[in-house]
Amino acid sequence: MDELIKDLLTRIEVGEFQPGSKIPSTQQLSDHYDVSVSTIHRAVATLRQQGVLVGRPGRGVFVAESTRR
């Protein structure tokens, strides 16, 4: 899972996922990384705890406007 988190952080840092933008769905990320949905959930939860991602109920998960890591 550490590699998954590192890759998501890299994708945010290089601007693939812009601040305020919605990240791909859990299923899309699961397919992309070829890991289980539960692994994606854990990685996203970790990044949310770190303030990198924010959840918006009914809308999805977004890159935080300003990351506080």
Side-chain angles (χ1 to χ4, degrees):
M1 187 171 78
D2 290 340
E3 287 184 23
L4 168 61
I5 290 171
K6 185 187 286 187
D7 191 64
L8 286 170
L9 287 171
T10 298
R11 293 172 78 181
I12 291 167
E13 288 167 5
V14 301
E16 185 175 341
F17 300 144
Q18 297 285 324
S21 69
K22 185 175 179 179
I23 65 168
S25 71
T26 302
Q27 187 61 56
Q28 289 171 317
L29 290 172
S30 174
D31 292 345
H32 177 81
Y33 290 105
D34 196 27
V35 297
S36 69
V37 168
S38 63
T39 299
I40 297 296
H41 280 294
R42 287 195 308 273
V44 168
T46 299
L47 291 172
R48 286 178 66 177
Q49 287 175 333
Q50 294 176 0
V52 175
L53 299 176
V54 293
R56 297 190 182 144
R59 294 184 54 209
V61 178
F62 295 76
V63 178
E65 291 291 343
S66 60
T67 57
R68 53 175 175 84
R69 289 193 286 150

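This chain uses plain numbering: 1 for the first residue, then up along the sequence.
To the nearest 0.5 Å, atoms CD1 (I23) and CD1 (I12) are separated by 7.5 Å. Separating the CD1 atom in I40 from the OG atom in S25 is a distance of 9.5 Å, to the nearest 0.5 Å. To the nearest 0.5 Å, atoms CZ (R42) and OG1 (T46) are separated by 8.5 Å. Atoms CG and CG, from D34 and L4 in turn, are 11.5 Å apart once rounded to the nearest 0.5 Å.
Annotation for I5 and A43: closest pair CG1-CB, 3.8 Å, computed over non-hydrogen atoms. E65 and G20 get closest at one heavy-atom pair: OE2-CA, 3.2 Å. For the pair L53 and V63, the tightest heavy-atom approach, listed with the atom from each and the gap, is CD2-CA, 3.9 Å. Annotation for P24 and L29: closest pair O-CD1, 3.6 Å, computed over non-hydrogen atoms.
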>> Before you tell me yes or no, could you show the steps for V44 and R48 under side chain to side chain contact (heavy atoms under 4.5 Å, CB included), namely the whole-Å CA-CA distance, both residues' side-chain angles and the distance that decides it to 0.1 Å?
In response: CA-CA 6 Å; V44 168; R48 286 178 66 177; 4.0 Å; yes

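Grouping the Ile, Leu, Val, Met, Phe, Trp and Tyr side chains by contacts below 4.5 angstrom, directly or via other members, places M1 with L9.
Side-chain atoms of T39 and Y33, non-hydrogen and from C-beta on, never get closer than 4.5 Å to each other. V52 places none of its side-chain heavy atoms less than 4.5 Å from the side chain of F17. The closest side-chain heavy-atom distance from V61 to V54 is not below 4.5 Å.
Here salt bridge (Lys or Arg N to Asp or Glu O under 4.0 Å) pairs that include residues 16-29, with residues two or more places apart or in two chains, are R11-E16.
No side-chain donor-acceptor contact under 3.5 Å links S30 to the backbone of T26.
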